[in-house]
Each structure stands twice: as C-alpha cells, then as structure tokens.
**Q** 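The structure follows.
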Amino acid sequence: MTEQSAADRPLRIAIVGAGPAGIYAADALMKSDAEVSIDLFERMPAPFGLIRYGVAPDHPRIKGIITALHKVLDKPQVRLLGNIDYGTDITLDDLRTFYDAVIFSTGANADRALGIPGIGLDGSYGAADFVSWYDGHPDVPRTWPLDAEKVAVLGVGNVALDVARVLAKTGDELLPTEIPPNVYAGLKANKALEVHVFGRRGPAQAKFTPLELRELDHSPTIEVIVDPEDIDYDEGSEAARRHSKQVDMIANTLEQWAIRDVGNRPHKLFLHFFESPAEILGEDGRVVGLRTERTQLDGTGNVKGTGNVKGTGTFKEWDVQAVYRAVGYLSQNLTNLPFDDQAGTVPNEAGRVIGDENADGADRYVPATYVTGWIKRGPVGLIGHTKGDANETVACLLDDSANFTPAERPELDAVTEFLESKGIPFTTWQGWYRLDAHERSLGEPEGRERVKVVEREDMLRASEPHKV
Ligand SMILES: Cc1cc2nc3c(=O)[nH]c(=O)nc-3n(C[C@H](O)[C@H](O)[C@H](O)COP(=O)(O)OP(=O)(O)OC[C@H]3O[C@@H](n4cnc5c(N)ncnc54)[C@H](O)[C@@H]3O)c2cc1C
C-alpha cells in the first residue's frame with residue numbers, strides 16, 4: 001500500500017459518536033477551507049445521541065433539532081457508520097490505519113454516583129436508566145416498575161425536572177409523543193400520585209432553566225407545590241438574581257408558586273429546597289423512605305459549584321417508595337485513551353487530547369486525537385453548546401493538520417471492507433432514512449409523528465445494514 005500525502009487528497013477524519021457534538025464537528029470541518037472526507041462512527045444503529053435517547057418525548061421541538069442535523073449528514077463528504085462500538089468493533093489502531101485524525105464525541109450515558117446509604121435498595125434508580133427506558137433505548141429492560149404512589153427525585157437540574165414531569169404525567173398525556181408501546185403501557189400503569197423533587201440548596205442555586213421549570217405547570221394533571229419556607233436568599237443569592245436574568249426568573253416563578261392556593265389537579269409535584277438527601281431508607285431490601293437533612297445558606301453567595309449551604313442537624317423522613325437520582329450524567333472511559341475519573345472527561349486542552357501533561361508543545365498531546373461535546377467538558381449544557389465546542393476542537397485539528405502522519409489506507413472502501421470482513425452489520429445514513437420512514441409509518445394510523453422502534457434487531461432490520 002502506498003502512502004499518499006494528506007495534501008494530495010481530502011483529509012480523512014473519523015468522528016466517534018454521532019450525537020450533536022459529533023455532527024456539529026462534521027459540519028465545522030465541512031464549512032472550513034480544508035478538503036475533508038469524514039466517517040461518523042456510532043454505536044447505536046441510529047444517530048443523534050441524547051437527542052434521540054435523552055431529550056424527553058414531550059419535548060418535540062427539541063427533538064426537531066434532528067431535522068437541522070439532517071442537512072449535515074446529507075452532505076456527500078460525510079458517511080454514517082452505525083451499530084459500531086469503538087473499543088469492541090474498532091480500535092484506535094484500526095482508526096489510525098484508515099484516518100489521518102480522530103475526534104471522539106462519545107458524550108455521557110451513565111449516572112454519576114451519589115454516596116449515601118441505601119442506593120442499592122430495590123426502588124432506588126438512576127435517572128439515566130429511567131430516561132433510557134422512556135426514550136426507548138434498546139439496551140435497557142423493556143419494563144419499568146412504576147408501582148410507587150410517592151416518589152422522590154434527587155436533584156434540581158433539567159434532567160430531574162424531566163424525570164419528575166414524566167413520572168407525574170399520565171400515560172395518556174404522553175401517548176401523542178413518539179413513546180413506544182411498552183413505554184405507554186408502563187406509564188399507563190404508573191401509580192405515582194406524589195412526586196417530591198429535592199434540592200440541597202435554595203431557589204437561587206437551582207440548575208434548571210426557567211422554561212423547563214414553567215413547563216411543569218402546563219400539565220392539566222400536575223399541581224406544582226412550593227413551600228414558602230423554602231424561599232430564602234442570602235446576599236450572594238440576591239446578587240445572583242441581580243446579575244442573572246435566568247436566576248431571577250426562576251426565583252420569581254418559585255415565589256409565585258409558593259404563595260398561590262393549591263389547586264385540585266390529581267398529581268402533586270412538590271419542589272423542595274434546602275433538603276440534602278442523607279439516606280434512602282429500606283425494609284426487606286426495598287425503599288420505604290428518604291431521610292434528608294435541612295440545610296441553610298452559609299452566606300458565601302456561591303451560586304455555582306457545590307458550596308453555599310451547610311447542614312443544620314435537623315433531619316426529616318419522607319414517606320416514599322421509590323427514589324430517582326438525577327445528580328448528573330457521567331462519561332465512560334474510552335479504550336486506549338487517557339481518562340480523568342474525577343471530571344469524567346478525556347483530559348484535553350481546547351479539544352486536543354493530553355497524553356503527557358508534563359510535556360510542552362506538541363509532545364503534550366496524543367497525536368491527531370481530539371475530543372468534543374460532553375466527553376470534552378463534562379455532562380453539562382444544552383445541545384446548542386456543543387456547537388461552540390465543535391468549532392474550537394475543529395480549529396485545533398485544522399491548525400495541526402500539516403503535521404499529521406498520513407493514514408496508511410485512506411480509501412473509502414478500506415474501512416467498510418474491514419468492517420465487512422469482521423461481520424459487523426453496520427448501518428448507514430440511507431439506512432437512517434429507511435428507519436425514519438418506518439417509524440413515521442408506525443405513527444401514521446394513530447395521527448402521531450412517529451412511534452419509536454426499540455429493539456436493536458428491529459432497528460437493524462428497518463435500516464437494512466450495509467445497504468447504501
Ligand atoms: C436526560 C437529558 C435530557 C436532555 N434534554 C435536553 C433538552 O431538552 N434540550 C437541550 O438542549 N439539551 C438537552 N440535554 C443535553 C443534550 O442532550 C447534550 O447537551 C448533548 O446531547 C451532548 O452531546 P454529545 O454529542 O456530547 O453527547 P451525546 O448526545 O451523548 O452523543 C454521544 C454519542 O456517542 C455515541 N457513543 C458513545 N460511546 C460510543 C462508542 N464507544 N462507540 C461509538 N459510539 C459511541 C453514543 O451512542 C451517542 O450517540 C439533555 C440531556 C439529558 C441527559
């Protein structure tokens with residue numbers, strides 16, 4: 001095999017992870033002056049990452065971002081190679097054989113741990129697992145136990161509110177969305193009448209967005225309840241309200257809810273502040289309650305990070321039969337790449353993967369290896385934020401490109417022949433169009449935009465692997 005200089009042909013780039021970050025990276029590469037040829041690897045048979053398997057089904061406008069991302073994947077310079085797991089089906093050495101550079105955009109799909117007793121009890125769940133279930137992820141069980149009448153959700157970010165809202169809504173409210181039949185059946189049998197959301201800190205420190213908060217109140221079946229005792233600010237919190245419109249909007253909404261009369265919608269959703277989860281209580285291995293410690297503001301005024309409150313030594317027990325932890329997502333370690341367990345990211349500077357942090361200049365970095373999205377900066381921020389990430393990472397890649405060691409086998413067929421020789425049924429972009437059409441046709445008789453296909457085998461059958 002003759003080595004071609006990268007200057008004689010388009011730059012061959014592999015992007016691993018076809019969530020928004022990976023797709024925006026492809027877009028940034030194609031919008032640059034460089035001539036590029038991109039393969040986007042994805043472990044799922046379908047692309048779009050957490051837009052498909054994280055964003056709540058009753059957020060169709062956000063799910064609609066997929067339509068904008070279509071324009072990127074429709075371009076001839078990019079191919080989708082789905083149903084391929086980096087680390088199992090393809091290694092870093094393989095990628096180096098076929099590509100001049102690699103960008104990892106593998107996101108985050110696990111729950112961050114919460115170190116309190118009782119986490120292992122039946123009825124104690126991670127939000128990521130529940131989200132994967134209601135969003136029809138093929139790799140989680142098909143049924144979800146929804147037999148608790150009173151449920152706790154720990155955390156006050158957007159994911160916590162998604163989980164609380166889905167638990168508090170009726171199955172019929174969610175039926176017009178894309179939820180698959182097993183999820184509708186599960187939600188229809190849901191016994192939850194009370195959902196209690198717990199934040200360790202106060203209204204000015206809540207991490208959800210004003211839009212997500214106000215949406216809770218739009219359901220005809222959910223009564224949102226805030227205890228006036230939980231409305232408290234220190235000087236720093238007041239300063240945060242003055243400086244951030246978003247913090248102020250959240251505080252205003254919560255204040256209004258705290259003083260209004262409680263209505264009679266059947267499902268109650270309580271938003272509790274200054275209650276720090278101390279222990280999940282169990283009996284015979286099952287959740288029977290939650291113990292929280294009352295906290296108070298410590299006056300530091302720190303609205304970001306974890307500080308700002310201290311325990312008061314006053315504990316309270318809540319009668320709940322299920323507890324959902326929504327305290328953050330966590331990225332997975334990637335084979336043959338460095339990983340910062342604490343931050344849950346691949347160590348990097350502006351997207352360049354750091355191989356030796358004591359070295360200077362180019363020696364500091366793993367050659368031609370980059371990260372973007374949640375694996376780059378941790379699992380925070382909205383879909384839109386991954387665009388800026390991608391632009392920064394791609395700018396670094398293009399700056400470095402003159403020094404890349406050219407791939408040994410840059411031809412388009414080389415990698416697909418390799419995958420075929422390993423018997424991997426990979427899906428393509430055209431395959432997504434087939435799956436998309438199939439899901440839409442499933443929804444049509446019921447007047448729904450789509451009904452999601454859950455089983456991996458069924459997704460593959462509809463996508464028709466290998467076929468372009
Ligand atoms: C529950 C939840 C709800 C959210 N709701 C909203 C919302 O309403 N609005 C909003 O703007 N943002 C929302 N977000 C945030 C948004 O989803 C993220 O900002 C965004 O998805 C991060 O993009 P990413 O591409 O870095 O990661 P991801 O979206 O996680 O994409 C990573 C991709 O990499 C693939 N991958 C992982 N490992 C491998 C591997 N080894 N080999 C091959 N492929 C691999 C994954 O399958 C996935 O497709 C939500 C997040 C969560 C968790």
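If you read the sequence from its start, that first residue is 1, and numbering goes on from there. When a ligand or atom number is given, it counts from 1 through the structure's own listing order.
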**Q** Determine the interplanar angle of the Phe130 and Trp144 rings, folded into 0 to 90°, and report it as parallel if under 30°, tilted if 30 to 60°, perpendicular if over 60°.
**A**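 Rings of Phe130 and Trp144: tilted, 30 to 60°.
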**Q** Nearest protein heavy-atom contact for atom 24 (P) of ligand 1: which residue, which atom, what distance?
**A**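 Going atom by atom, the protein heavy atom closest to atom 24 (P) of ligand 1 ends up being Ala21 CB, 3.7 Å.
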**Q** Could you list which atoms of ligand 1 come closer than 4.0 Å to a heavy atom of Asp162?
**A**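 Here the atoms of ligand 1 in question are 3 (C).
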**Q** Are Trp429 and His70 an aromatic pair by the rule of ring centers under 6.0 Å?
**A**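 Yes - the distance between ring centres of Trp429 and His70 falls below the 6.0 Å cut-off.
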**Q** N/O of Leu50 under 3.5 Å from N/O of ligand 1, yes or no?
**A**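 Yes - when backbone and side-chain N and O of Leu50 are compared with those of ligand 1, one distance drops under 3.5 Å.
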**Q** Can a donor-acceptor pair be found, under 3.5 Å and without considering hydrogens, that links the side chain of Asp94 to the backbone of Thr91?
**A**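 Yes, Asp94 side chain to Thr91 backbone: donor-acceptor pair under 3.5 Å.
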**Q** Quick test of your reading of the structure: of Ile375, Val163, Val55, Asn333, whose heavy atom lies closest to atom 6 (C) of ligand 1?
**A**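 Comparing heavy atoms across Ile375, Val163, Val55, Asn333, the nearest one to atom 6 (C) of ligand 1 lies in Val55.
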**Q** Identify the protein heavy atom lying closest to atom 2 (C) of ligand 1, giving its residue, its atom name and the separation to 0.1 Å.
**A**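 Looking only at protein heavy atoms, the one closest to atom 2 (C) of ligand 1 is Gly54 O, 3.6 Å.
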**Q** What pairs of residues pass the salt bridge (charged side-chain N to carboxylate O under 4.0 Å, His left out) test when at least one of them lies in residues 51-62, not counting sequence neighbours?
**A**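 Qualifying pairs: Arg52-Glu439, Asp58-Arg165, Asp58-Lys169.
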**Q** Pull out every atom of ligand 1 sitting under 4.0 Å from any heavy atom of Ile84, numbered as shown with elements.
**A**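 Ligand 1 atoms under the 4.0 Å threshold to Ile84: 42 (N), 43 (C).
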**Q** Give, for atom CD1 of Ile13 and atom CD1 of Ile38, the distance between the pair rounded to the nearest 0.5 Å.
**A**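 One finds 7.0 Å between CD1 of Ile13 and CD1 of Ile38.
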**Q** Check this for me - ligand 1, Ile383, N or O atoms closer than 3.5 angstrom, yes or no?
**A**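 Ile383 vs ligand 1: N/O contact under 3.5 Å present.
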**Q** So do the side chains of Lys376 and Phe104 get within less than 4.5 Å of each other, counting heavy atoms only?
**A**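 In short, these two side chains do not touch, never coming nearer than 4.5 Å.
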**Q** Under 4.0 Å from a heavy atom of Met44: which atoms of ligand 1 are those, numbered in the order shown and with their elements?
**A**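 The list of qualifying atoms is 47 (O).
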**Q** Taking atom 14 (N) of ligand 1 as the reference point, report whether a protein heavy atom occurs under 4.0 Å from it.
**A**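 For atom 14 (N) of ligand 1 the answer is no, since every protein heavy atom stays at 4.0 Å or beyond.
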**Q** Judged on heavy-atom distance to atom 49 (O) of ligand 1, which of Arg377, Glu42, His137 sits nearest?
**A**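 Minimum heavy-atom distance to atom 49 (O) of ligand 1 goes to Glu42.
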**Q** Start with the C-alpha distance between Arg456 and Asp139, add both sets of side-chain angles, then the distance that settles salt bridge (Lys or Arg N to Asp or Glu O under 4.0 Å), and finish with yes or no.
**A** CA-CA 8 Å; Arg456 192 176 273 263; Asp139 300 342; 3.3 Å; yes
**Q** Yes or no: does Ala108 have any heavy atom under 4.0 Å from an atom of ligand 1?
**A**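 It does; at least one heavy atom falls under 4.0 Å.
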**Q** Pull out every atom of ligand 1 sitting under 4.0 Å from any heavy atom of Val131, numbered as shown with elements.
**A**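 Atoms satisfying the 4.0 Å criterion: 1 (C).
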**Q** Would you say ligand 1 has an N or O under 3.5 Å from any N or O of Ile62?
**A**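 Looking only at distances, the answer is no, because the N/O contact criterion of under 3.5 Å is not met.
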**Q** Applying side chain to side chain donor-acceptor pair (under 3.5 Å) as the test, list every pair that has at least one member in residues 325-343; sequence neighbours left out.
**A**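 Qualifying pairs, neighbours excluded: Ser124-Arg325.
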**Q** In the protein, which heavy atom is nearest to atom 44 (N) of ligand 1, and how far is it?
**A**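 Of every protein heavy atom, Arg43 N, 3.1 Å lies nearest to atom 44 (N) of ligand 1.
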**Q** Between Tyr86 and ligand 1, does any nitrogen or oxygen pair lie at a separation below 3.5 Å?
**A**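 Among all N and O atoms of Tyr86, at least one is under 3.5 Å from an N or O of ligand 1.
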**Q** What protein heavy atom is closest to atom 40 (C) of ligand 1, reported as residue, atom name and distance in Å?
**A**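 Checked against all protein heavy atoms, atom 40 (C) of ligand 1 sits closest to Asp85 OD1, 3.4 Å.
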**Q** Between CG of Leu92 and CG of Leu334, what distance do you get to the nearest 0.5 Å?
**A**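 Result: 10.0 Å between the selected atoms.
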**Q** Which residue and non-hydrogen atom of the protein lie closest to atom 34 (O) of ligand 1, and at what distance in Å?
**A**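 For atom 34 (O) of ligand 1, the nearest protein heavy atom is Gly17 CA, 3.2 Å.
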**Q** Is atom 10 (C) of ligand 1 near the protein, in the sense that some protein heavy atom lies at less than 4.0 Å from it?
**A**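 When distances to the protein are checked, atom 10 (C) of ligand 1 has a heavy atom within 4.0 Å.
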**Q** On a heavy-atom basis, I'd like to know which of Gly373, Ser105, Gly49 is closest to atom 32 (C) of ligand 1.
**A**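 Selected option, by shortest heavy-atom distance: Ser105.
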**Q** Passes salt bridge (Lys or Arg N to Asp or Glu O under 4.0 Å), Glu178 versus Lys452? Steps please.
**A** CA-CA 6 Å; Glu178 63 181 34; Lys452 226 180 214 170; 3.0 Å; yes
**Q** Is any N or O atom of Thr386, backbone or side chain, closer than 3.5 Å to an N or O atom of ligand 1?
**A**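 No, Thr386 has no N/O under 3.5 Å of an N/O on ligand 1.
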**Q** Could you tell me if the side chain of Thr369 sits less than 4.5 Å from the side chain of Arg96, heavy atoms only?
**A**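 Arg96 vs Thr369: side chains touch.
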**Q** To which protein heavy atom is atom 8 (O) of ligand 1 closest, and what is the distance rounded to 0.1 Å?
**A**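 The closest one turns out to be His59 ND1, 3.6 Å.
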**Q** Below 3.5 angstrom, do we get any N/O pair linking Tyr329 and ligand 1?
**A**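 For ligand 1, there is no N or O atom that lies under 3.5 Å from one belonging to Tyr329.
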**Q** Would you say the side chain of Tyr433 lies within less than 4.5 Å of the side chain of Asp74, judging by non-hydrogen atoms?
**A**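 A side-chain contact exists here, since the closest heavy-atom pair is under 4.5 Å.
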**Q** Identify the protein heavy atom lying closest to atom 31 (O) of ligand 1, giving its residue, its atom name and the separation to 0.1 Å.
**A**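 Nearest neighbour among protein heavy atoms for atom 31 (O) of ligand 1, to 0.1 Å: Gly19 CA, 3.4 Å.
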**Q** Could you check whether any side-chain N or O of Gln321 sits under 3.5 Å from a backbone N or O of Glu149, counting only pairs where one atom can act as donor and the other as acceptor?
**A**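 Yes, because the side chain of Gln321 sits within donor-acceptor range (under 3.5 Å) of the backbone of Glu149.
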**Q** Would you call the rings of Trp318 and His196 parallel, tilted or perpendicular if under 30° counts as parallel and over 60° as perpendicular?
**A**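 The arrangement is tilted - the two ring planes meet at 30° to 60°.
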**Q** Could you find the nearest protein heavy atom to atom 19 (O) of ligand 1 and give me its residue, atom name and distance?
**A**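 Answer, as residue, atom name and distance: Gly381 O, 3.0 Å.
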